[in-house]
Amino acid sequence: MNVQQKTPEKIGSVLIISAILIGLFVLWGVLSPGTLQSAADSGLGWMIENFGWFYMLSTAFFVLFVIAIALSPFGRMRLGKPDERPEYTWYSWIGMLFAAGIGVGFVFWGVAEPVLYYIDTPMGYTPETEQAAAAGLRYGVYHWALHPWAIFSIVGLTLAYVQFRKDRPALISSAFYPLLGDRVNGWTGRSIDILAVIATCTGVATTFGLSALQITGGLSYISAIPNNVWTQITIIAVVTVLFMISAGKGVDKGIKKLSNINLAVAGLLLLFVIIVGPTLFILENFVTTLGGYITNVASMSLTMTPFSESTWLGTNTIFFWAWHIAWAPFMGLFIARISRGRTIREFMAGVLLVPSLLAVLWFTTFGGTALNLEISGQAPIADLVMSNVELALFATLGELPLSMITNILAVIVILIFFITSADSASYVLGAMTSHGSLNPKLSVKLLWGFLIAGTASVLLISGGGGLDALQTASIIAALPFAVIMIIMIISVLVMLGRDFKLEGKKTRKKRVIQLKKEIKEEFLDDVREEVYEELRDEVKEEMIEEMKEEVKEEMIEEMKEEVYEEMKEDFYEEIKEDIYQELDIDKDKKK
């Protein structure tokens, strides 16, 4: 029986335990946000100091692995049965990739990161110089292009393969079935799933908070709405209601439609900034940043600062790698859900290359425009980034024509990203806590939606760094999941290797059967030709004989008639002569 089709009615232990742990963590944040922040900061500092090298090395390996797997013979294999085809169109699929939540990161950091790195530069650059501006764009792209999508694609590839090829449940633990066997159905598998649920819930709750901050900041920038915690709570409440409506419609009618709309609106906003902004500056930066990124991505991926006390790498690059890994269970499971039927090569092209190119375009457009405003002295974007980072995008758009319209469009983009992030997150968490059902109950999805919204809300109300502590905690949870991802790679290679050999055997068998069929057909054709030639010769000889007989008979008949006529004439002449002779005799007697 197909394991995915099971829809157990009873509440699983993964849901109960993870909900309790998240509840306790949130309670800690509400009662004592200061101590939670202190403990989380200490944990993060310890992790970056001792395992920074591990994050740098593992993420670089992830990029190499996904490129190698796409180019290898494995790339022809499908995420599903061999005869399955993609469930969604290319446009809808790409739209839903961003809807899963990473689009919020593009919008939030697209302006902020390049400007931030222009002021607080990577090691080896002088702040507020042309080189610092170029490095700011390059590192912004570096943090949101190949590396995060390689992380997401590994989890997505593995889960899509075990779900749709091996008919396993939509659970992180399912990826380890080739290595652990039936133990994934016990507490070993449940522990993996609980860790994934906690990392996902805390990471998504952080995004809820950040999205609420940016939407509130945008509304306060274009209207008289105050930028305070109660506005943020109101935004979360409104989004929760809208997300409930979307969740009730399901993936096809909810997330898919919203994603298509949002991709169009975001594309319109991007195109507008390119046209009315410093167009030539943006285009030149696009080419320069893309070239610099391709040229320097290897050195940036494998560079640390062992001979200096610089903390920039830890607080920026390693921080982002850990954050993306914390997002991997959520992004991976959702990407897997929407990628059924695609080949591995097509999957990697869509998940790795398209978002990376869009990251280059988005960061050079919005970040480049902000840098142009900062460097030319038209607007103090850098000061705003250092004090109120959520206002950076709106301040940049405010310096361009039709700023009111574009700021409203920006709020709409963030709002829809917010809704689709909540919807996709509740779907993923519902699947992970419903024994891997691809169609979790609406009640379970709504439960997780309320838990996430509640977590973000109470930590915003508590103040004192509660939301920052939650974000930090989710990043700390990424360390064990990074190890899980490495084991996941081993697991998917085992599965791919076995199935590739099996497919090879089936292909060879089909070829042998086809070859035998072709040889048989050729042999039959040869025999048919030989028999035909022989029959033709025989028939030809028979026809010649028959024709000879017919001609002979005809000739005999003709000759018979001629002989008859001749004999008749001769006979007539003889009779005639006899008569004449008799007549002559009679005459003589009379005389």
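Partner of T365 under the side chain to side chain contact (heavy atoms under 4.5 Å, CB included) criterion, out of N285, L270, L271, V360: L270 alone.
Put simply, the side chain of I412 reaches to within 4.5 Å of the side chain of I408, judged on heavy atoms. For the pair I22 and L451, the minimum side-chain heavy-atom distance is 4.5 Å or more. Contact check for F152 versus I335: side-chain heavy atoms found under the 4.5 Å cut-off. For the pair M331/I151, no side-chain contact is recorded, criterion being any heavy-atom separation below 4.5 Å from C-beta on. For the pair L137/Y117, no side-chain contact is recorded, criterion being any heavy-atom separation below 4.5 Å from C-beta on. You'll find the side chain of F62 reaches within 4.5 Å of the side chain of I486, heavy atoms only. Two residues are said to be in side-chain contact when any heavy atoms from C-beta on lie closer than 4.5 Å; L397 and V273 meet this criterion. You'll find the side chain of P480 reaches within 4.5 Å of the side chain of L195, heavy atoms only.
Considering every non-hydrogen atom in both A212 and I235, the closest pair reads CA-CG2, 4.3 Å. Taking both residues in full, the closest heavy atoms of F481 and A196 are given as CE1-CB, 4.4 Å, listed atom of the first, atom of the second, then distance. The two residues A482 and F54 make their nearest non-hydrogen contact at CB-CE2, 3.6 Å. The minimum heavy-atom distance between L373 and I381, with the atom names listed, is CB-CG1, 4.2 Å. Closest approach of L159 and G332 over heavy atoms only: CD1-C, 4.2 Å. When all heavy atoms of I414 and F394 are compared, the pair lying nearest together is CD1-CZ, 3.7 Å.
Residues W144 and H324 place their aromatic rings such that the two centres sit under 6.0 Å apart. Ring centers of F319 and H143: at least 6.0 Å apart, outside the cut-off.
W321 places no side-chain N or O within donor-acceptor distance of the main-chain N or O of T59, the cut-off being under 3.5 Å. A donor-acceptor contact shorter than 3.5 Å links the side chain of T406 to the backbone of S403. With hydrogens and angles ignored, the 3.5 Å screen pairs no side-chain donor or acceptor of R138 with any backbone N or O of Y293. A distance-only check finds a donor-acceptor pair linking the side chain of N228 to the backbone of T231 [under 3.5 Å]. Distance alone, capped at 3.5 Å, places no donor-acceptor pair between the T295 side chain and the G292 backbone. Without hydrogens or angle criteria, E390 side chain to G217 main chain gives no donor-acceptor distance under 3.5 Å. A distance-only check finds a donor-acceptor pair linking the side chain of T364 to the backbone of L361 [under 3.5 Å]. Using modelled atom types, one side-chain atom of T279 and one backbone atom of I274 make a donor-acceptor pair closer than 3.5 Å. A side-chain donor-acceptor contact under 3.5 Å links T121 to the backbone of Y125.
A distance of 6.5 Å separates CG in L280 from CG in L283, rounded to the nearest 0.5 Å. Atom-to-atom distance recorded for I282:CD1 and L371:CG is 11.0 Å, nearest 0.5 angstrom. In this structure, L157 CG and I69 CD1 are separated by 7.0 Å, a value rounded to the nearest 0.5 Å. Rounded to the nearest 0.5 Å, atoms CZ (F65) and OG (S153) are 8.5 Å apart. Separating the CZ atom in F272 from the CG atom in L402 is a distance of 4.5 Å, to the nearest 0.5 Å. From L358, atom CG reaches atom CZ of F106 across 6.5 Å, with rounding to the nearest 0.5 Å.
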Go through the steps for Y55 and T317 under the test side-chain contact (heavy atoms from CB on, under 4.5 Å), then give the verdict. CA-CA 9 Å; Y55 278 114; T317 300; over 6 Å; no

So T315 and D120, side-chain contact (heavy atoms from CB on, under 4.5 Å) or not? Walk me through it. CA-CA 11 Å; T315 55; D120 181 16; 5.6 Å; no

Stepwise side-chain contact (heavy atoms from CB on, under 4.5 Å) test for S301 and H147: CA-CA 9 Å; S301 300; H147 287 69; 2.8 Å; yes

For a ring-ring contact (aromatic ring centres under 6.0 Å, His included) check, start with the C-alpha distance between F334 and W327, then their side-chain angles and the critical distance, and finish with the verdict. CA-CA 11 Å; F334 185 75; W327 267 75; over 10 Å; no

Check the pair Q131, T126 against side-chain contact (heavy atoms from CB on, under 4.5 Å), reporting the backbone distance first and the verdict last. CA-CA 8 Å; Q131 292 76 17; T126 303; over 6 Å; no

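Residue-environment remark: CD (E130) stays at or below the threshold of 12 foreign heavy atoms within 6.0 Å. Heavy-atom neighbours of W230 CH2 from other residues, nucleotides or ligands within 6.0 Å: at or below the threshold of 12.
Using modelled atom types and a 3.5 Å distance limit, the side chains of S92 and T89 yield a donor-acceptor pair. A donor and an acceptor atom, one from each side chain of W93 and S339, are located under 3.5 Å apart.
For Y139, the ring-ring contact (aromatic ring centres under 6.0 Å, His included) criterion is met by Y142, W312, not counting sequence neighbours.
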